[in-house]
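Heads up, the thing below is written out as structure tokens.
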Amino acid sequence: MNRAKMRTSAFAAVAVLATSVLAACGGGSGGSGDAGGTGGGDLQNAKVAFLMPDLASTRYELQDKPLFEARMKQLCPTCEVIYQNADSDAAKQQQQANSALAQGVKAIVIDPVDSAAAATIVKSAQSQQVPIIAYDRPIPATPADYYISFDNEKIGSMIAQSLVDHLKAEKAEGGILQVNGSPTDAAAQLIKKGIHSAVDPSGFKLLAEYDTPDWQPEKAQTWVSGQITQFKDQIVGVVAANDGTGGGAIAAFKAAGGKVPPITGNDAEIAAAQRIIAGDQYNTISKPIKIVAEASANVAWEFMQGKKPAGKTTLYDTPSELFVPTVVTKDNTKEVLFDSGIMKAADVCTGAYAKGCEELGIK
């Protein structure tokens, strides 16, 4: 397939897929000029790297990877996606990026393990005229060529405000625990900032907070267990930054043998949906991975063609597109996660969760 024909095919696909995903690229789809990296070149059998950060969150293997690969296949049937997962090891991710560059990738999409350490990857790639698209987590120290994510600060404020509103409606009296994400993840710091924006003025005392190394649920569970011993019945709610840390918090309360207070989450993992249906987790955030995965493929493809897509906003001096997510509680689980097609009842409503699904009308 020659280059002109490939471009025609790609733009036809973009025109057909009239969704919010494509809005991410709308600002730059008509642009021209040299990208922050490659100037186009021969795209026959071109390679693009998709580097994810960890295995603690199941989403990367189950959703991000296949969705990104499928969209790239639509845009460029002969292109190859080089996928790697760093398993929470920043040095390993550096090696994976170096390997991708050595293989001649035309663009790198990276969700950094360590947002500060990833600055070295950005510099290495840009020195070789390979554009870097920061994915989900920003790289503050050295601007990437583009940043695509859901609005992480908004996520933090939404899950926390949802919990605070619920506690006030229940006339709860006591304090809140705050379980943040990884201290090396810039997105986690944005979520943390958003949580504080809702918790600090809420009237509920912040009993304690914790930055969870590598987002590990086990570490969140251990920390929450210690807080249960210290604060006991004073804890009326827990704001956890994602479903993994939320699951760890829930496990801690169950192990302690007491009542599980309302606990938040984020990512809308299947396990979180099951916990919400069962009444163990209060909320999560639906941020359909399809939106960001496909948007990042669209932007990578534009860079690969030598274009420079414009952002809808700027974050950390980086052209960015930030999508707005949806809070999910038991009240809207059916509508947001199942009626929309994001999840299937067959995958969620198994075993002990079948009765809860039936009560909510999830089929």
Side-chain angles (χ1 to χ4, degrees), residues 3-4 6-41 43 46 48-51 64 67-68 71-72 74-76 79 105-112 115 118-119 121-123 125-155 186-187 190 287-325:
R3 183 182 173 202
M6 288 177 66
R7 286 187 173 181
T8 302
S9 175
F11 289 128
V14 171
V16 170
L17 190 58
T19 66
S20 60
V21 176
L22 293 184
C25 297
S29 61
S32 59
D34 292 337
T38 182
L43 296 180
V48 55
F50 192 64
L51 308 181
D64 299 77
L67 288 166
F68 179 84
R71 181 59 183 150
M72 280 305 306
Q74 290 179 331
L75 294 170
C76 179
C79 287
V105 294
K106 297 289 188 181
I108 293 177
V109 178
I110 182 171
D111 193 335
S115 296
I121 296 174
V122 174
K123 291 175 183 176
Q126 292 178 341
S127 71
Q128 299 180 45
Q129 296 188 318
V130 175
I132 286 271
I133 298 106
Y135 180 85
D136 201 31
R137 304 174 182 179
I139 305 173
T142 301
D145 295 282
Y146 208 93
Y147 174 48
I148 291 177
S149 178
F150 281 90
D151 188 331
N152 287 296
E153 187 172 339
K154 186 79 171 176
I155 286 170
L190 291 170
K287 46 182 186 182
I289 305 304
K290 183 180 176 69
I291 292 177
V292 288
E294 293 191 349
S296 65
N298 292 336
V299 170
W301 175 242
E302 290 211 42
F303 275 120
M304 292 165 71
Q305 295 174 92
K307 297 183 177 182
K308 190 171 183 177
K312 295 296 183 67
T313 186
T314 300
L315 187 66
Y316 298 119
D317 296 323
T318 305
S320 305
E321 176 75 4
L322 305 177
F323 298 96
V324 178

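- Shown here for Phe50 and Ser296, the closest heavy-atom pair between the two residues is CE1-OG, 4.4 Å.
- The shortest heavy-atom contact between Val299 and Pro309 is CG1-CG, 3.8 Å.
- Across all their heavy atoms, Met72 and Cys79 have their closest contact at CE-CB, 4.5 Å.
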- Take Asp136 and Val292 through the side-chain contact (heavy atoms from CB on, under 4.5 Å) test and state the conclusion after the steps. CA-CA 8 Å; Asp136 201 31; Val292 288; 6.0 Å; no
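- Interatomic distance, Lys154 NZ to Phe323 CZ, rounded to the nearest 0.5 Å: 16.0 Å.
- Between Tyr146 and Glu321, the closest side-chain pair of non-hydrogen atoms falls below 4.5 Å.
- Side-chain N or O atoms of Glu302 include none that pairs as donor or acceptor with a backbone N or O of Asn298 at under 3.5 Å.
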- Give the intermediate values and the outcome of side-chain contact (heavy atoms from CB on, under 4.5 Å) for residues Leu315 and Leu190. CA-CA 11 Å; Leu315 187 66; Leu190 291 170; 4.2 Å; yes
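- Side chains of Val48 and Lys106 form no contact here, defined as non-hydrogen atoms less than 4.5 Å apart.
- Of all heavy-atom pairs spanning Ala46 and Met304, the tightest one is CB-CE, 3.9 Å.
- Closest heavy-atom contact between Ile139 and Ala118: CD1-CB, 3.9 Å.
- Distance alone, capped at 3.5 Å, is enough to place a donor-acceptor pair between the Ser115 side chain and the Pro138 backbone.
- Taking OG1 of Thr318 as the reference point, atom CD1 of Ile148 lies at 12.0 Å (rounded to 0.5 Å).
- The minimum heavy-atom distance between Ala293 and Phe68, with the atom names listed, is O-CD1, 3.5 Å.
- In this structure, the side-chain hydrogen bond (donor to acceptor under 3.5 Å, both in side chains) partners of Asn152, at least two apart in sequence or on a different chain, are Tyr147, Ser149.
- The side-chain contact (heavy atoms from CB on, under 4.5 Å) test with Ile108 is passed by exactly one of Leu51, Val122, Asp145: Leu51.
- Evaluation of the side-chain hydrogen bond (donor to acceptor under 3.5 Å, both in side chains) rule for Lys287 yields Asn266, Asp267 as partners, not counting sequence neighbours.
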